[in-house]
Amino acid sequence: MLEEFTFLATAKWPKNIQTKATAPSNIALVKYWGKEDIQIPKNTSLSFTLSNCKTTTFLELEEKKEAIEETQIRVFLDDKETPSFVPKIQKFFRLIDAYCPYLKHYNATIRTSNTFPHSSGIASSASGMAALALCLVQVEKSLQPEILEADLRKKASFLARLGSGSASRSIDGGLILWGKHQEIDGSSDLFAVPISSKIDPIFKDYQDTVLLIDRGQKQVSSSLGHSLMNGHPFAEARFAQAQNNITELQSYLASGNLKEFMRLVESEALTLHAMMMCSRPYFILMAPQTMEVIHKIWSYRDETKIPVCFTLDAGANVHLLYPKKYTTEVHEFIEQELKQHCQDQAFIHDEVGAGGEFL
Ligand code: 2P0
């Protein structure tokens with residue numbers, strides 16, 4: 001157990017506590033793929049926090065009648081009771097018990113909603129776990145008011161990580177680093193931190209349009225994907241490459257070198273999928289339309305010299321990344337050339353955002 005994140009209050013327990021928070025999704029530029037117990041990443045990852053794709057969660061804790069009763073958890077997604085979410089939350093609550101011991105005194109009702117459609121192929125685990133973690137640290141604040149906001153946010157990232165690794169990167173805004181890096185002071189496997197090195201202003205409001213190529217459920221869960229990095233023939237080389245890519249990317253973020261930034265980001269996306277394609281068992285999460293879109297992005301960039309590039313998550317959707325000053329041109333490109341490859345012609349415009357908030 002880590003003392004830094006233990007709960008110190010021995011306050012009288014209120015009968016009822018309500019908290020509310022919102023947290024955005026994030027998109028990794030250097031990818032997290034491979035982990036050890038418990039939720040320790042095999043390499044450092046670096047992401048843009050998004051703004052429009054977010055989860056809002058309302059947590060209500062009600063005192064149990066008998067302390068020994070099993071904690072009851074009810075989850076409502078968009079006001080509809082969703083029992084299928086309960087096992088994941090139960091597992092999460094068990095995992096964080098040492099850090100949130102107050103949870104044992106209460107039954108929990110969680111009401112959550114996403115700004116992005118459930119069937120968008122955008123994972124809600126990062127924003128969802130981050131929003132829940134922010135609700136939990138707010139409970140702690142109500143029991144122990146002297147806690148500083150910075151410590152609360154750090155603990156929120158720590159708790160969110162235990163729910164879902166990438167969720168640790170959805171607490172703070174901007175460019176976020178998770179995972180110990182030998183050259184970066186303050187980096188940690190246990191929680192994510194905003195990068196402290198210089199960032200060119202062009203990256204402060206970078207745009208991300210998510211092209212919804214496949215809005216269905218993923219065929220292979222990220223948990224399984226991560227586990228397939230154990231014993232993967234290229235695992236060690238990949239983890240070492242990611243560490244080097246973090247160092248390189250930091251220098252491009254500082255200098256604003258978009259050409260090298262785009263090369264590195266696209267290489268990371270393709271490497272992530274290459275790892276999937278040579279796992280045992282192997283699998284492919286890209287769809288034919290993913291490839292069509294990638295080739296169109298490359299042609300458009302060649303022809304127009306507009307610095308637009310792509311990245312991929314663990315799915316078929318394409319994230320189109322570009323500086324804000326090219327918004328008009330890129331939106332036209334999406335309308336004319338790309339949206340026809342999206343399921344129901346759907347896409348979501350998003351951009352770098354400020355991180356989660358207590359509501
Ligand atoms: C990332 N992904 O860095 C990578 C790139 C997907 C592709 O983190 O098992 O949902 O909950 O820790 O965080 C997705 O995996 O996995 C992910 P768990 P998570 O964003």
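Values below: all heavy atoms of this structure, side chains included; hydrogens, waters and symmetry mates excluded. Counting convention: from 1, in listed order, for ligands and their atoms alike.
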### Query
For the side chain of D189 and the backbone of I40, is there at least one donor-acceptor N/O pair under 3.5 Å apart?
no
### Message
Give me the nearest non-hydrogen protein atom to atom 6 (C) of ligand 1 as residue plus atom name, then the distance to 0.1 Å.
### Response
D313 OD1, 3.3 Å
### Task
Search all heavy atoms of A167 against all heavy atoms of M129 and return the closest pair with its distance.
CB-CB, 3.6 Å
### Message
Yes or no: does K35 have any heavy atom under 4.0 Å from an atom of ligand 1?
### Response
yes
### Summary
Checking heavy atoms under 4.0 Å, the part of S125 that sits near ligand 1 is side chain
#### Entry: Numbered atoms and elements of ligand 1 in range of S166, under 4.0 angstrom, heavy atoms
8 (O), 10 (O), 13 (O), 19 (P), 20 (O)
### Message
Aromatic contact between Y322 and Y206, with the criterion being ring centroids under 6.0 Å apart: yes or no?
### Response
no
### Task
Could you list the atoms of ligand 1 found under 4.0 angstrom from a heavy atom of G165?
11 (O), 12 (O), 13 (O), 18 (P)
### Task
Show which atoms of ligand 1 fall inside a sub-4.0 Å distance from at least one heavy-atom site of S223.
9 (O)
### Message
Under 4.0 Å from a heavy atom of R169: which atoms of ligand 1 are those, numbered in the order shown and with their elements?
### Response
1 (C), 3 (O), 20 (O)
#### Entry: Proximal atoms of ligand 1 relative to A314 (non-hydrogen, under 4.0 Å)
6 (C), 7 (C)
### Task
Say whether, by atom type as modelled, one donor and one acceptor occur between the side chain of R169 and the main chain of L46 under 3.5 angstrom.
no
#### Entry: Atom indices of ligand 1, in the order listed, that fall short of 4.0 Å to a heavy atom of H226
9 (O), 15 (O), 16 (O), 19 (P)
### Task
Check each atom of ligand 1 against the heavy atoms of Q39 and keep those under 4.0 Å away; list them by number with element.
12 (O)
### Query
Does E266 use its side chain to pair, donor to acceptor, with the backbone of F310 at less than 3.5 Å?
yes
### Message
Can you give me the closest heavy-atom contact between L143 and I17, atom names plus distance?
### Response
CD2-CD1, 4.2 Å
### Query
Which atoms from ligand 1 have a heavy atom of A28 less than 4.0 Å away?
1 (C), 3 (O), 20 (O)
### Task
Return the option from S45, S164, A126 holding the heavy atom at the smallest distance from atom 11 (O) of ligand 1.
S164
### Query
For ligand 1, is any non-hydrogen atom under 4.0 Å from N26's backbone (N, CA, C, O), its side chain (CB onward), both, or neither?
neither
### Query
Using the benzene-type ring in the case of Trp, are the ring centres of H349 and F347 under 6.0 Å apart?
yes
## Note on the structure
The closest protein heavy-atom partner of atom 8 (O) of ligand 1 is Y32 CD2, 3.0 Å
### Message
Would R111 and F76 count as a cation-pi pair here, with the cationic atom under 6.0 angstrom from the ring centre and within 45° of the axis?
### Response
yes
#### Entry: Residue-ligand contact R161/ligand 1, heavy atom below 4.0 Å
no
### Task
Please state whether the rings of W178 and Y32 are parallel, tilted or perpendicular, taking 30° and 60° as the class boundaries.
perpendicular
### Query
Do any N or O atoms from the side chain of T57 and from the backbone of A131 form a donor-acceptor pair under 3.5 angstrom?
no
### Message
What protein heavy atom lies closest to atom 14 (C) of ligand 1? Include the residue and the distance to one decimal.
### Response
S222 OG, 3.4 Å
